[in-house]
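Reviewing the structure listed below.
We use all heavy atoms of the structure for the numbers below, so side chains are in, but hydrogens, waters and symmetry mates are not. For ligands, and for the atoms within them, numbers begin at 1 and follow the listed sequence.
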Amino acid sequence: MGLKLHGSKFSTCTQRVLTVLAEKGVTDFEIVSINLPAGEHRREPFVSMQPFAKIPVLEDDGFFVYESRAICKYIAAKYADQGTQVMPSTSDLKAFGVFEQGCSIEHSYFDGPASKIGWEKVFKQHKGAGPADEAKVAEYVADLESAFAVYEKILSKQGYLGGNEVTLADLFHLPYGTLIQSVGFGSVFEKYPSVKKWFDSLQARESWKKASVPAGGPPGKPQANGKP
Ligand SMILES: N[C@@H](CCC(=O)N[C@@H](CS)C(=O)NCC(=O)O)C(=O)O
């Protein structure tokens, strides 16, 4: 039986998983659309799958796993023998350690400021929660720049955040990195040449071209998304 991805193609976190499915060459799956504006994620049967009421959730033959990064690692492990090797095996302990370090860097120093910029500049308006707080945006952009200054040091020595090959640690950046570029913060990347080159190479991947649609849906037409 194929996989079911409960989510929305307009959601950044669902796009993270769709990118990895494409990298692994997994085609036997269906997206079960969850309508966020209608609040489907806050009701049964969704909350029995994801008690924090967030998309996406992966269903694999009666087994459920949520949190997009955990889902991506599950897919990488399940389909270890096919597609891009996006996660080193624990048999190469040092490679695995650097990979996990890269994943933690993304979650600890990138996701916070990037998703908060996304909230202020995109999702807040979609939810009718008022205009962006530009003072907060400036603060998040400064945080992102501080993180990218360190990324620049790392990426001037190695091709990718999790080592010399592309891994999940890199791919995890795609949805929010692309979103913040689309709302006028491309200059944050341009300031750091190795970061810019690295991110351009990620966006050029076929997997991302397949998975990416404007997060939140077309401008002026709220869709199934909304990072809190
Ligand atoms: N850490 C979670 C975050 C999931 C998340 O925030 N999903 C958003 C869509 S990208 C959502 O469900 N928002 C609906 C809401 O908060 O009401 C993950 O990576 O899966």
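- For residues 136-149, the set of pairs meeting the side-chain hydrogen bond (donor to acceptor under 3.5 Å, both in side chains) definition, not counting sequence neighbours, comprises Glu145-Lys191.
- Interface atoms of ligand 1 facing Arg69, defined by a heavy-atom separation under 4.0 Å, are 19 (O).
- Near Leu36, the atoms of ligand 1 lying under 4.0 angstrom from a non-hydrogen atom of the residue are 13 (N), 14 (C).
- Aromatic ring pairs are classed by plane angle as parallel below 30°, tilted from 30° to 60° and perpendicular above 60°; the pair His41 and Phe46 is perpendicular.
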Between Glu67 and Lys54, is a salt bridge (Lys or Arg N to Asp or Glu O under 4.0 Å) present by the stated rule, with each step listed? CA-CA 8 Å; Glu67 286 297 317; Lys54 306 278 180 201; over 6 Å; no

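- Using 4.0 Å as the threshold, Pro56 has a heavy atom nearer than that to some atom of ligand 1.
- Residue Ser11 has no N or O atom closer than 3.5 Å to an N or O atom of ligand 1.
- Between the side chains of Ser11 and Ser8, not a single donor N or O lies within less than 3.5 Å of an accepting N or O.
- The shortest N or O to N or O distance between Ile55 and ligand 1 is below 3.5 Å.
- Taking the six-membered ring where tryptophan is involved, the planes of Tyr151 and His173 are perpendicular, since the angle between them exceeds 60° and thus also 30°.
- Looking at Arg16, Glu67, Lys54, Arg42 and measuring to atom 2 (C) of ligand 1, the nearest heavy atom belongs to Glu67.
- Residue-ligand proximity, Cys13 to ligand 1, at heavy-atom distances under 4.0 Å covers atoms 3 (C), 4 (C), 5 (C), 7 (N), 10 (S).
- Residue contacts with ligand 1, taken as heavy atom pairs separated by less than 4.0 Å, do not involve Gln15 at all.
- Here Thr14 has no heavy atoms under 4.0 Å from ligand 1, in either its backbone or its side chain.
- Of the polar atoms of Thr12, none of the N or O atoms is found under 3.5 Å from an N or O of ligand 1, judged by distance alone.
- Between His41 and ligand 1, at least one N/O pair is under 3.5 Å apart.
- Glu152 has no carboxylate O lying under 4.0 Å from a charged side-chain N of Lys157, or vice versa, which leaves the two without a salt bridge.
- The residues Asp60 and Lys78 are annotated as salt-bridged, a charged nitrogen and a carboxylate oxygen being separated by less than 4.0 angstrom.
- Within the 4.0 Å heavy-atom cutoff, Lys127 counts among the residues contacting ligand 1.
- Annotation: salt bridge (charged side-chain N to carboxylate O under 4.0 Å, His left out) contacts of Lys197 (sequence neighbours excluded): none.
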